[in-house]
Amino acid sequence: MTTSVSELWPAISNLSYAGKIQLIQLVLTEIAQENEGEERTDTRPNTSFDPRRFFGVSYQPKQVIDEYLESSREGWV
């Protein structure tokens, strides 16, 4: 028998804060136990972080940004 979240929601909403936290812990424990047999993969990249690559092709030097901000402020007076 499968129960939907909408059927469970009235009971869940009546729980106290502590009861909701306990429910979350139980659900997470169940999920972890279900996934124990699954193979875990390492999602970390093989290369170290390179800030130059992080900024990408749209990276602008600070001087260009400062000039843009200065020119856009001229009409604020």
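Being a predicted model, the structure only gives us computed values, none of them experimental.
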Once you round to the nearest 0.5 Å, how far does CD of Glu34 lie from OG1 of Thr29?
-> 11.0 Å
Report the residues that fulfil side chain to side chain contact (heavy atoms under 4.5 Å, CB included) with Ser4, sequence neighbours left out, ordered by chain and then residue number.
-> Ser6, Glu7
Members sharing Leu26's hydrophobic cluster (side chains within less than 4.5 Å) | none
Counterpart residues, side chain to side chain contact (heavy atoms under 4.5 Å, CB included), relative to Val5 (two or more places apart) = none
Which ILVMFWY residues can you reach from Ile31 by hopping between side chains whose heavy atoms are under 4.5 Å apart?
-> Leu8, Trp9, Ile12, Leu15, Leu23, Val27
With Glu67, which residues qualify under side chain to side chain donor-acceptor pair (under 3.5 Å), at least two apart?
-> Gln63
